[in-house]
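Reading through the structure tokens given below for one structure.
Computed from a predicted model, the values in this text were never measured in an experiment. Order of the sequence lines sets the chain letters (A, B, ...), proteins ahead of strands, with each chain counted from 1.
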Protein chains: 2
Amino acid sequence: MRSMVDSEVTSTRSRERTRQRLLDAAAQVFAEVGLDAASVEAICDRAGFTRGAFYSNFETKDELFLELSGLVATERVAAVRSRVGELEQEGGFDLTPTDAFAIIEQVLDLSADDRLGVLLMSEIRIHALRNPDLAAAYLEQEAEMQRGVAQIVADIGRAKGIRFRVTADEAARIMLLVWEGAAVRAAMGGVDAEELRRRTSTELALVAQLTIAD
Amino acid sequence: MRSMVDSEVTSTRSRERTRQRLLDAAAQVFAEVGLDAASVEAICDRAGFTRGAFYSNFETKDELFLELSGLVATERVAAVRSRVGELEQEGGFDLTPTDAFAIIEQVLDLSADDRLGVLLMSEIRIHALRNPDLAAAYLEQEAEMQRGVAQIVADIGRAKGIRFRVTADEAARIMLLVWEGAAVRAAMGGVDAEELRRRTSTELALVAQLTIAD
DNA sequence: TGTATCCGATACATAGTTGTATCGTAATTC
DNA sequence: GAATTACGATACAACTATGTATCGGATACA
């Protein structure tokens, strides 16, 4: 006899798959046309379901958006955290001081490294501007990212004996802002992922250069 | 007999007033709830008209948004240009090198210096991400702003004998990105115009410090 | 004062979206 | 293999927004 737990798991498995497909589809559609212009039906079409599946899994479109925003934030932070962990392990970096900041580029590019990713983050950001709860979550996630980047900055400085003109936190904050702004401008030009990465990289290198004391 | 031109002017005057009231109302509503969530009726209510007035003056909501975006861009650029002109006239600046960049803060704060302004710019930006025409206009307006700021940077450098670690254009670009990012984060916190200005000012001063060679 | 025109209000037809209630099927349990 | 449950599909009702067509009043002009 299959235990009740097992049955719940099995049942939940299939359910989780539809939820996930709906979330993935929603991420695409939200990125493409925005939360408000995205009809529930458009999301379901994309996922290969009808609206019945949607309302069986989510209360409203807003609830799904909230959940999606949370997932995106969690994933970004986890990716940064794990990358920072790896770097802590590795210890020494055999890069030139300036190039060392390519690491930070990698970290930031861990998410939102293509046009749709940038669009989705922008969509989340603008709704955070209008929703205090979402704003708190957004700022907290960003603060966590900033801590991760600051740690890498400090590590690089220590390993390479680099002196900075501002604190690691300040450097990290500016890097995040510039990275985001550059990514948005690149996405506006409709460039592909490769070119997008190239452009953000260039701007980031500029900021890195600025933060390093001669 | 009033000339045909006069009558046209008169007629256009009143018409222009309603157009302007509709544009002003739309700017508010777009900032508050976003383009897609803003119904034509909500805009008309705010302006004190019914939808009849709207459709008598604009084809669609999108057309109005396009026009509004153009107006905002034109105003921003004009404000910066005129401020730059004033500074060119004045010539010498009797400020400390770091504080001199407060001028740039003034320039950037010429528009979007409150929560609604930041929201409207964000709304325009995210739609530029999805509309190539709007994107081109947005990037062009930003390039013009950048040229203005770069000119001020160069002027300050010349007047004060300051050496920079990057070109004036690069400095201006980073300042614009950081200013925008800081403004958005401040607006997310729901702060008032005063506090918003304080925060962007702080970040901008940090960037200014970074760009100045010791 | 009569008349023509302009312009915003009103009424209406239509389309699209949402959420719920019900149904049918496939999977699960014993 | 019969019964039950789960879950997505379908059908439906209500609401909202849009755009157009028409109306009415105010204004301009002779």
Side-chain angles (χ1 to χ4, degrees), chain A residues 1-26 28-30 32-68 123 127 131, chain B residues 1-26 28-68 123 127 130-131:
Chain A
M1 161 193 173
R2 190 173 273 186
S3 80
M4 188 160 169
V5 172
D6 265 357
S7 95
E8 262 182 19
V9 167
T10 305
S11 145
T12 294
R13 283 258 168 81
S14 147
R15 205 175 175 67
E16 273 309 313
R17 268 196 61 249
T18 36
R19 276 181 75 87
Q20 195 54 53
R21 278 171 62 191
L22 284 168
L23 284 164
D24 291 344
Q28 289 178 30
V29 179
F30 288 157
E32 286 168 11
V33 303
L35 171 60
D36 293 318
S39 70
V40 171
E41 187 146 25
I43 294 169
C44 296
D45 282 355
R46 184 69 63 99
F49 292 109
T50 61
R51 291 186 309 125
F54 183 94
Y55 286 107
S56 166
N57 281 280
F58 301 94
E59 289 276 323
T60 64
K61 189 171 66 173
D62 277 359
E63 191 215 80
L64 179 148
F65 184 74
L66 258 289
E67 179 164 337
L68 182 62
E123 192 65 26
H127 282 92
N131 176 335
Chain B
M1 162 193 175
R2 189 172 274 186
S3 80
M4 190 159 168
V5 171
D6 266 357
S7 97
E8 262 180 18
V9 167
T10 306
S11 145
T12 293
R13 282 259 169 81
S14 149
R15 205 175 176 69
E16 274 310 312
R17 269 197 62 250
T18 42
R19 276 181 75 86
Q20 196 54 52
R21 278 171 63 190
L22 284 168
L23 283 164
D24 290 346
Q28 289 179 30
V29 179
F30 288 156
E32 284 168 12
V33 302
L35 172 60
D36 293 318
S39 69
V40 171
E41 187 147 23
I43 295 169
C44 295
D45 281 355
R46 185 69 63 98
F49 292 108
T50 62
R51 291 186 308 124
F54 183 95
Y55 287 106
S56 165
N57 282 281
F58 300 95
E59 289 276 322
T60 64
K61 188 173 67 173
D62 277 0
E63 192 215 79
L64 179 148
F65 184 74
L66 257 290
E67 178 164 339
L68 182 63
E123 191 65 26
H127 282 92
R130 302 192 178 105
N131 176 336

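- In this structure, B:Phe49 places its CZ atom 16 Å from C1' of C:dT10, rounding to the nearest Å.
- Nearest heavy atom pair, residue B:Ala26 against residue B:Leu68, reads C-CD2, 4.4 Å.
- A:Ile43 has its CD1 atom 17 Å from the C1' atom of D:dG8, to the nearest Å.
- Of all the heavy atoms in B:Leu35 and B:Glu123, the pair that sits closest is N-OE2, 2.9 Å.
- The CZ-C1' distance, from A:Arg15 to C:dT28, rounds to 16 Å in whole Å.
- Under the 4.5 Å side-chain criterion, counting only non-hydrogen atoms from C-beta, A:Val40 is not in contact with A:Phe58.
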All N/O pairs under 3.5 Å across the protein-nucleotides 16-20 of chain C interface:
from: C:dT18; atom 1: OP2; to: A:Val40; atom 2: N; distance (Å): 3.2
from: C:dG19; atom 1: OP2; to: A:Tyr55; atom 2: OH; distance (Å): 2.5
from: C:dG19; atom 1: N7; to: A:Arg51; atom 2: NH1; distance (Å): 2.9
from: C:dG19; atom 1: O6; to: A:Arg51; atom 2: NH2; distance (Å): 2.5

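- No side-chain donor-acceptor contact under 3.5 Å links B:Arg51 to the backbone of B:Glu41.
- In this structure, the CD atom of B:Glu63 is 11 Å from the P atom of D:dG19, given to the nearest Å.
- Residues A:Phe30 and A:Ile43 form a side-chain contact, since some pair of their non-hydrogen atoms from C-beta on lies under 4.5 Å apart.
- A:Leu22 contributes atom CG, which lies 7.0 Å from atom CG of A:Leu64 (distance to the nearest 0.5 angstrom).
- Rounded to whole Å, atom C1' of C:dA9 lies 13 Å from atom CG of B:Asp45.
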Short heteroatom pairs, N/O only, protein and nucleotides 24-26 of chain C, under 3.5 Å:
none

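- The side chain of A:Thr50 places no N or O atom within less than 4.0 Å of a non-bridging phosphate oxygen (OP1 or OP2) of D:dT10.
- Residue B:Asn57 has a polar side-chain atom (N or O) positioned under 4.0 Å from OP1 or OP2 of C:dG8.
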Assess whether side chain to side chain donor-acceptor pair (under 3.5 Å) is satisfied between A:Asp24 and A:Gln20, documenting all intermediate values.
CA-CA 6 Å; A:Asp24 291 344; A:Gln20 195 54 53; 3.1 Å; yes
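- Between C:dC6 and B:Ser14, no contact under 4.0 Å exists linking OP1 or OP2 to a side-chain N or O.
- A donor-acceptor pair under 3.5 Å is absent between the side-chain atoms of B:Asn131 and the main chain of B:His127, judged by distance alone.
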